[in-house]
Peer 1: 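Have a look at the structure that comes next, please.
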Amino acid sequence: MWIKASGRAAMLGLKKKILEQLRGAVEQAQREGALPPGSLPDVEVERPQNPGHGDLATSLPLRAARAFRVSPMAIAEAIASRLPALEELEPVTVAPPGFINFTLRTRWLQEQVHHILSQGEAYGDLELGAGQRVLVEFVSVNPTGPVHVGHVRGAVLGSTLARVLEAAGYRVTREYYVNDSGSQMEVFYRSVWIRYQQVLGRDVEMPPGGYMGTYVVDLAREIHGERGDHFLRLDETEAIREIGEVALERMVQAIREDLGLIGVDFHVWFRERDLYQDSAYQKAMSMIRNGGYVAEREGARWFVSTALGEDKDNVLVRSSGAPTYFASDIAYHYDKFLTRRFERAINIWGADHQGHVSRVKAAVVALGVDPRLLDVIIVQMVTLKRGGEVVRASKRTGELVTLRELVEEVGRDACRYFFSARSADAQMEFDLDLAKRESQENPVYYIQYAHARIAGILRNAREKGLQSEEGDVSLLNTGEEMDLIRKLVLLPELVETVSATLEPHHLAYYALEVATAFHWFYDHCRVIGEDPADQDLVRARLKLVEACRIVLARTLHLMGMTAPQRM
RNA sequence: GUCCCUGUAGCUCAACCGGACAGAGCACCUGCCUUCUAAGCAGGUGGCUGCGGGUUCGAGUCCCGCCAGGGACGCCA
């Protein structure tokens with residue numbers, strides 16, 4: 001019955017139930033005069049880091065001591081003695097200086113194996129998001145060059161987050177914002193045009209600040225290979241426009257393919273130009289103008305962000321008449337919230353965009369949207385290392401380590417693992433040698449190896465014609481088995497935590513913990529034994545192993561990694 | 001100069017809303033393969049959480065001040 005009440009995630013349901021009972025016990029104690037009247041601090045149930053303190057604990061008595069003017073231990077006793085017994089839990093205990101500890105019953109933990117098996121690949125799914133529509137916008141690299149290592153971090157973070165939010169019950173749209181207009185694109189188009197002419201033997205110079213990367217030369221050669229000298233026959237303005245179009249589409253296509261190499265894909269490739277064609281730009285501008293946030297001065301049009309608490313105003317339209325990218329961004333957010341009516345939006349930006357966060361939020365306010373609906377995650381820089389040496393990227397020449405090169409060198413899974421294992425707001429080092437080394441010092445293989453080992457056991461069982469349907473989970477009672485189950489039941493909470501904090505790096509640590517618990521189990525508990533008398537235990541352990549496989553595979557898939565059948 | 005992020009074991013990083021002895025991986029030392037994969041397991045060494053104050057029953061976590069590293073402060077994106 002409690003399983004039904006708690007829905008898909010039994011563990012989460014249990015936590016909620018304990019919270020309610022704690023509140024009830026306090027009220028009862030107050031009615032009975034064991035505790036003084038007064039309101040409670042926030043009641044929380046947390047996971048003690050020391051296993052000796054049980055599976056769950058609350059520090060409520062410590063928090064309430066001041067308000068109640070009663071010693072924490074006395075409060076703990078008063079509450080604990082009034083908590084109704086739960087079939088999921090051992091009797092609660094009180095521990096100094098004032099904790100109440102809860103320990104899961106063996107019987108309940110054993111049943112969780114069935115719970116996981118019944119959920120299958122959906123284990124970990126929640127209804128937290130209640131179908132809310134969320135836009136996750138990430139990568140959005142300017143289509144002036146290929147994706148390089150600096151962008152990969154945001155790509156991995158965004159796609160992992162999107163997967164987790166989906167698991168948590170949100171309706172997620174993954175979107176790439178293509179900056180296909182603006183002055184940088186003009187420079188790019190001109191760069192391609194110059195290279196194209198050079199391919200045809202014309203003596204022309206690259207413009208100052210032009211895109212010097214060799215990929216531009218390659219691009220020009222490709223275009224020449226397909227279109228010949230077609231563009232030379234046009235007048236220059238027209239030539240730049242036309243060849244620019246071709247180059248743009250090719251770059252977008254290349255970016256799409258490169259991101260595909262690490263399992264990153266998008267529902268929508270949103271074109272900046274559409275903001276102007278669909279009049280989102282005009283609507284957004286008139287909206288903030290009507291709000292009194294626009295001023296004309298020094299020949300330009302400004303967004304008066306100081307009126308919204310910003311340090312300074314920002315230009316919307318240059319004196320040349322060209323809108324800034326900031327103006328596009330306002331129109332883009334108008335489109336996100338007011339045209340497409342997303343209920344929530346998450347932007348993932350690089351550290352170099354950090355200064356834009358507050359002004360975009362100000363703009364959102366000016367559009368009449370609650371800024372809390374917009375989360376901006378800033379991912380810090382990546383330092384690339386090779387055997388302790390920093391690999392310097394030269395932006396001048398455009399010679400950066402590209403995503404493609406990275407994947408070719410270290411592989412997709414290692415790449416995703418290392419980028420998703422770090423919290424976004426810490427700068428990180430990516431050691432190519434470590435990521436690529438397929439040895440025991442690489443956590444990627446440690447985790448995948450656990451999955452492959454399980455797959456091996458299940459294969460073995462199948463070959464021997466062993467069935468687990470009749471397995472009796474109550475036979476699972478060694479320390480290794482219980483520790484493993486204790487890890488497995490955490491997945492739904494993990495999905496909850498990640499979607500609440502928007503910090504997917506917890507997944508990597510969890511995967512490592514599950515793998516550790518499994519390897520430990522594997523070394524101590526043989527699943528398929530020789531002794532025919534032990535067939536009951538074999539069937540029970542097959543169930544546990546399959547549950548573990550489900551959890552590992554799900555966690556790996558949430559991280560966008562593969563779960564290999566053999567290694 | 002102003003704003004943002006970071007500073008935790010030799011290295012790379014965790015630590016959920018402030019909680020119980022600060023945890024992993026790698027590196028280093030010692031053991032374990034006639035049994036489902038040793039890409040594994042067990043044990044050991046390793047810490048003034050950058051420094052100094054403060055708040056709190058309790059601080060790696062919150063506040064103030066320093067120091068150090070990175071980023072941002074354009075009519076660039």
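Residue numbers start from 1 in every chain, and the chains themselves are labelled A, B, ... in the order their sequence lines are given, proteins ahead of strands.
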Peer 1: Please tell me which of A/Gly182 and A/Ala452 maps to the more 5' nucleotide of RNA chain B, matching each residue to the nucleotide holding its nearest heavy atom.
Peer 2: A/Ala452
Peer 1: Between atom CD1 in A/Ile348 and atom P in B/rC5, what is the gap in whole Å?
Peer 2: 18 Å
Peer 1: Can you tell me the pairing partner of B/rG47 across any strand shown, Watson-Crick or G-U wobble, with both distances under 3.5 angstrom?
Peer 2: none
Peer 1: Which nucleotide in the list B/rC75, B/rG25, B/rC36 gets nearest to the side chain of A/Ile457?
Peer 2: B/rC36
Peer 1: Any side-chain N or O of A/Ser423 below 4.0 angstrom from OP1/OP2 of B/rA14?
Peer 2: yes
Peer 1: What's A/Met428 touching, base or sugar-phosphate or nothing? Going by heavy atoms closer than 4.0 Å.
Peer 2: sugar-phosphate
Peer 1: Using whole Å, report how far CG of A/Asn460 lies from P of B/rU35.
Peer 2: 13 Å
Peer 1: If the C1' atom of B/rG70 is compared with that of B/rG53, how far apart are they to the nearest Å?
Peer 2: 27 Å
Peer 1: Can you tell me the Watson-Crick or wobble partner of B/rC32, both distances under 3.5 angstrom?
Peer 2: B/rG40
Peer 1: Using OP1 and OP2 only, check whether a side-chain N or O of A/His505 sits under 4.0 Å from B/rA15.
Peer 2: yes
Peer 1: Could you please name the option among B/rA15, B/rU35, B/rC13 that lies closest to any side-chain atom of A/Arg526?
Peer 2: B/rU35
Peer 1: Whole Å only: how far is the CD atom of A/Glu186 from the P atom of B/rC76?
Peer 2: 13 Å
Peer 1: Quick check for you: among B/rG70, B/rC75, B/rU37, whose closest atom lies nearest to any side-chain atom of A/Gln380?
Peer 2: B/rG70
Peer 1: Regarding A/Glu493 and A/Arg47, does a basic nitrogen lie under 4.0 Å from an acidic carboxylate oxygen?
Peer 2: yes
Peer 1: Please classify the nucleic acid contact of A/Arg301 as base, sugar-phosphate, or nothing, using heavy-atom distances under 4.0 Å.
Peer 2: nothing
Peer 1: Would you mind reading off the distance between A/Lys361 atom NZ and B/rC4 atom P, rounded to a whole angstrom?
Peer 2: 15 Å
Peer 1: Could you check which nucleotide pairs with B/rA68 in any of the strands shown, counting Watson-Crick or G-U wobble with both distances under 3.5 Å?
Peer 2: B/rU6
Peer 1: Side chain of A/Leu62 only, heavy atoms from C-beta on: which candidate in B/rC73, B/rA42, B/rC57 is closest?
Peer 2: B/rC57
Peer 1: Kindly assign one of parallel, tilted or perpendicular to the pair A/His356 and A/Tyr325, based on the angle between their ring planes and the thresholds 30° and 60°.
Peer 2: perpendicular
Peer 1: Has A/Ser183 got a side-chain N or O lying under 4.0 Å from the OP1 or OP2 atom of B/rA77?
Peer 2: yes
Peer 1: Should the pair A/Asp534-A/Arg526 be classified as a salt bridge under the 4.0 Å nitrogen-to-oxygen rule?
Peer 2: no
Peer 1: Answer with yes or no whether A/Asp523 presents, from its side chain, a donor or acceptor under 3.5 Å of a partner atom in the base of B/rA38.
Peer 2: no
Peer 1: Among B/rC41, B/rA77, B/rC4, which is the nearest nucleotide to the side chain of A/Asn179?
Peer 2: B/rA77
Peer 1: Among B/rU37, B/rC75, B/rU12, find the nucleotide with the atom closest to the side chain of A/Arg453.
Peer 2: B/rU37
Peer 1: Between B/rG74 atom P and A/Phe326 atom CZ, what is the distance in whole Å?
Peer 2: 13 Å
Peer 1: Give the nucleotide from the list B/rU37, B/rC41, B/rG23 with an atom nearest to the side chain of A/His524.
Peer 2: B/rC41
Peer 1: Who is the Watson-Crick or G-U wobble partner of B/rG1, with both distances under 3.5 Å?
Peer 2: B/rC73
Peer 1: Counting C-beta onward and ignoring hydrogens, is there a side-chain heavy-atom pair between A/Leu60 and A/Val26 closer than 4.5 Å?
Peer 2: yes
Peer 1: Please confirm whether the shortest side-chain N or O distance from A/Gln354 to OP1 or OP2 of B/rC3 is below 4.0 Å.
Peer 2: no
Peer 1: For the pair made of CZ in A/Arg359 and P in B/rC76, what is the distance, rounded to whole Å?
Peer 2: 12 Å
Peer 1: Between A/Tyr509 and A/Pro323, who's closer to the 5' end of RNA chain B by nearest nucleotide?
Peer 2: A/Tyr509
Peer 1: Between B/rA59 and B/rG1, how far is it from one C1' atom to the other, in whole Å?
Peer 2: 32 Å
Peer 1: Does the cation-pi check pass for A/Arg453 over A/Tyr522, that is, NZ or CZ under 6.0 Å from the six-membered ring centre and within 45° of its axis?
Peer 2: yes
Peer 1: Please give the distance between the C1' atoms of B/rG46 and B/rG40 as a whole number of Å.
Peer 2: 24 Å
Peer 1: Which glycosidic conformation, syn or anti, is assigned to B/rC11 if syn requires a torsion within 90° of zero?
Peer 2: anti
Peer 1: Picking from B/rA77, B/rC5, B/rA14, which would you name as closest to the side chain of A/Gln184?
Peer 2: B/rA77
Peer 1: If you only use heavy atoms from C-beta on, which nucleotide in B/rA20, B/rU6, B/rC16 is closest to the side chain of A/Asn101?
Peer 2: B/rA20
Peer 1: According to the 5.5 Å centroid and 30° plane-angle thresholds, does A/Tyr325 stack upon the nucleobase of B/rA77?
Peer 2: no
Peer 1: Rounding to an integer number of angstrom, what distance separates B/rC33 and B/rA24 when you compare their C1' atoms?
Peer 2: 26 Å
Peer 1: Output yes when A/Lys487 and A/Glu513 qualify as a salt bridge under the 4.0 Å nitrogen-oxygen rule, no when they do not.
Peer 2: yes
Peer 1: Stacking between A/His53 and the base of B/rA20 (centre distance under 5.5 Å, interplanar angle under 30°)?
Peer 2: yes
Peer 1: Can you tell me the Watson-Crick or wobble partner of B/rU12, both distances under 3.5 angstrom?
Peer 2: B/rA24
Peer 1: Going by an N to O cut-off under 4.0 Å, is there a salt bridge joining A/Arg549 and A/Glu546?
Peer 2: yes
Peer 1: So, OP1 or OP2 of B/rA39: does either fall under 4.0 Å of a side-chain N or O from A/Tyr449?
Peer 2: yes
Peer 1: Could you tell me whether the phosphate oxygens of B/rA77, OP1 or OP2, come under 4.0 Å of any side-chain nitrogen or oxygen in A/Arg318?
Peer 2: yes
Peer 1: Provide the Watson-Crick or G-U wobble partner of B/rC57, both distances under 3.5 Å; none if there is no partner.
Peer 2: B/rG19
Peer 1: Run the salt-bridge test on A/Arg416 and A/Asp413 with the 4.0 Å N-O cut-off and return the result as yes or no.
Peer 2: no
Peer 1: Between A/Glu409 and A/Arg386, is the closest basic N to carboxylate O distance under 4.0 Å?
Peer 2: yes
Peer 1: Side chain of A/Asp425 only, please: which of B/rU37, B/rG74, B/rC5 is the nearest?
Peer 2: B/rC5
Peer 1: Is A/Tyr446 near enough to B/rC41 that one of its side-chain N or O atoms lies under 4.0 angstrom from OP1 or OP2?
Peer 2: yes
Peer 1: Taking atom C1' in both B/rC32 and B/rA22, compute the distance separating them and give it to the nearest angstrom.
Peer 2: 30 Å
Peer 1: Just the rounded figure in Å: distance from P of B/rA27 to CG of A/Leu434.
Peer 2: 9 Å
Peer 1: Rounded to the nearest angstrom, tell me the gap between atom CG in A/Asp352 and atom P in B/rC3.
Peer 2: 21 Å
Peer 1: Pick the P atom in B/rC41 and in B/rG47, then give their distance to the nearest Å.
Peer 2: 25 Å
Peer 1: Take atom P in B/rC63 and the same atom in B/rU6, then report the distance between them in whole Å.
Peer 2: 11 Å
Peer 1: Using only modelled atom types and a 3.5 angstrom limit, is any donor from either the side chain of A/Ser319 or the base of B/rC75 paired with an acceptor on the other?
Peer 2: yes
